[in-house]
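Beneath this line is the structure, given in C-alpha cells, with notes to follow.
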Amino acid sequence: MSHDPLRLLDLTRLDAATLPAFRDGTLDAEAAGVEHSLRRYPGHPQVSLPAPKRRRLVALDAVLQGRRSHRHLDTAQPSPKALGTLLGLSFGVNGSIGRGPTPSAGGLQSMCLYAIALTPGWLAQGAWHYEREAHALAQLDAPTDPAVWRDLLVSSRQFEGGALLWIIVGDGRAIGRKYGARAARFLLLEAGHLMQTLCLVSTSLSLCTLPLGGVRDDEMARALGLMATDRVLYAGVCGRPV
Ligand SMILES: Cc1cc2nc3c(=O)[nH]c(=O)nc-3n(C[C@H](O)[C@H](O)[C@H](O)COP(=O)(O)O)c2cc1C
C-alpha cells in the first residue's frame, strides 16, 4: 500500500507519457461505438414516482446560500411528490441518449443511483435503484435492516436520523474502455456533480442531503449485489433538518 495520499491522481495523470494512449483509446472507443447504457432492473418490483412539477418560485441563489450539512435529521420519509421531484430534477432523463442534469464523461452515463429506505414509510425499507428513464424505483433483493446499512458508514456517529441513504455507484465498463486509467478520476468527478445536485435540490425542498465519503466500499457493493466492474463512489444521508 502506497503512503502517497494522492497516488490515485498520479496514476491517472495525463502528461506527455500517458496522453498518446489516452487519445488512442478514446478514438478507438469512439470508432467502436462505445455507447451509454442506463442501468435497469427489469422484472423487479417497481414504484412509479410523480413527475416533477415546474416550481417557479425557487431561487437558485437562495438554495446555494441555504445548503448545509445538517447533522440532526428527521426520520420521516420524504413524500412521494418530494422524492419524485428530488430524483427527477437531480438525475432524471431530460435529453437524448440518457442526458440529464449531471454532466457525464463522454456522455456514457456511468452513474447509478441507489436509495436505501432506512425508516418505515410508503417506500418499503431496504434498497432501491432509481430507474432514470422510467422515473421509478426498482426494489432490490438486498438487506432491509437499516442497521446493516448504517454499519457500513464510517461516520454514522457524526449525524443522527435520516430517512434515505443515497449510494452513488460508478459503472466502470464503458468508461474504462474509453478512458483507461483516467476513468477512475472521471467517475469520481461525475459522482461529485450528482451529489452536489442532490444536495441543492434537497435544500430547495427543505430537506438535507449530507454527503458521506467514508463508507466501507466493498461491503456496500456486496450488500447491493453490484457487478465486479462497479464501484461505490459516494453516499449521502437525506432527511428533513430538525
Ligand atoms: C468528499 C466529501 C466527503 C465527506 N464525507 C463525510 C463523512 O464521511 N462524514 C461526515 O459526517 N461528513 C462528510 N462530509 C461533509 C462535510 O463534513 C461537510 O461538507 C463540511 O463539514 C462542510 O459543511 P457544509 O457542508 O455544511 O458546508 C463530506 C463532504 C465531502 C465534500
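Numbering of ligands and ligand atoms starts at 1, following listing order.
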For this session: State if R67 counts as touching ligand 1 under the rule of any non-hydrogen atom under 4.0 Å.
Result: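 Contact check R67 vs ligand 1: positive.
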
Exercise. At the 4.0 Å heavy-atom cut-off, does M195 count as touching ligand 1?
Worked result: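 The answer is no: ligand 1 sits nowhere under 4.0 Å from a heavy atom of M195.
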
Considering only heavy atoms of [X], which atoms of ligand 1 have at least one such atom less than 4.0 Å away?
{"X": "S69", "result": "18 (C), 19 (O), 24 (P), 25 (O), 26 (O)"}
{"X": "S155", "result": "7 (C), 8 (O), 9 (N), 10 (C), 11 (O)"}
{"X": "Q158", "result": "9 (N), 10 (C), 11 (O)"}
{"X": "Y234", "result": "1 (C), 2 (C), 30 (C), 31 (C)"}
{"X": "G214", "result": "8 (O)"}
{"X": "R68", "result": "24 (P), 26 (O), 27 (O)"}

Exercise. N/O to N/O below 3.5 Å, does that happen between G213 and ligand 1?
Worked result: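 The answer is yes, given that G213 and ligand 1 share an N or O pair closer than 3.5 Å.
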
Problem set entry | Polar atom proximity, L210 to ligand 1 (N or O, under 3.5 Å) |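 So ligand 1 has no N or O lying under 3.5 Å from an N or O of L210.
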
For this session: Between P211, A235, S156, G236, flag the one that comes closest to atom 29 (C) of ligand 1 by a heavy atom.
Result: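 Shortest heavy-atom distance from atom 29 (C) of ligand 1: P211.
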
Problem set entry | Side chain, backbone, both or neither: R71 near ligand 1, heavy atoms under 4.0 Å |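 Only the side chain of R71 comes within reach of ligand 1.
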
For this session: Give me the one residue out of L87, L164, L205 that meets side chain to side chain contact (heavy atoms under 4.5 Å, CB included) with P78.
Result: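 So the option named by the test is L164.
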
Exercise. Considering only heavy atoms from C-beta outward, does the side chain of H129 approach that of R39 to under 4.5 Å?
Worked result: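 When only atoms from C-beta onward are counted, R39 and H129 do touch, with a gap below 4.5 Å.
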
Exercise. Can you find a pair of side-chain heavy atoms, one from V232 and one from I168, that are under 4.5 Å apart?
Worked result: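 Answer no - side chains too far apart.
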
Problem set entry | atom 22 (C) of ligand 1: any protein heavy atom closer than 4.0 Å |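 Answer no: nothing from the protein, no heavy atom, is under 4.0 Å.
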
Using a 6.0 Å cut-off, check whether atom [atom1] of [X] has over 12 heavy atoms from anything other than its own residue.
{"X": "R40", "atom1": "CZ", "value": "no"}
{"X": "R157", "atom1": "CZ", "value": "no"}
{"X": "D141", "atom1": "CG", "value": "no"}

Problem set entry | Steps toward side chain to side chain contact (heavy atoms under 4.5 Å, CB included) verdict (I167, W149) | CA-CA 10 Å; I167 303 175; W149 299 99; 3.9 Å; yes

For this session: Would you confirm whether the ring centroid of H135 sits within less than 6.0 angstrom of the ring centroid of Y130?
Result: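 Yes, close enough.
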
Problem set entry | Centroid-centroid distance, F22 to Y179, less than 6.0 Å |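 Yes; Y179 has its ring centre under 6.0 Å from that of F22.
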
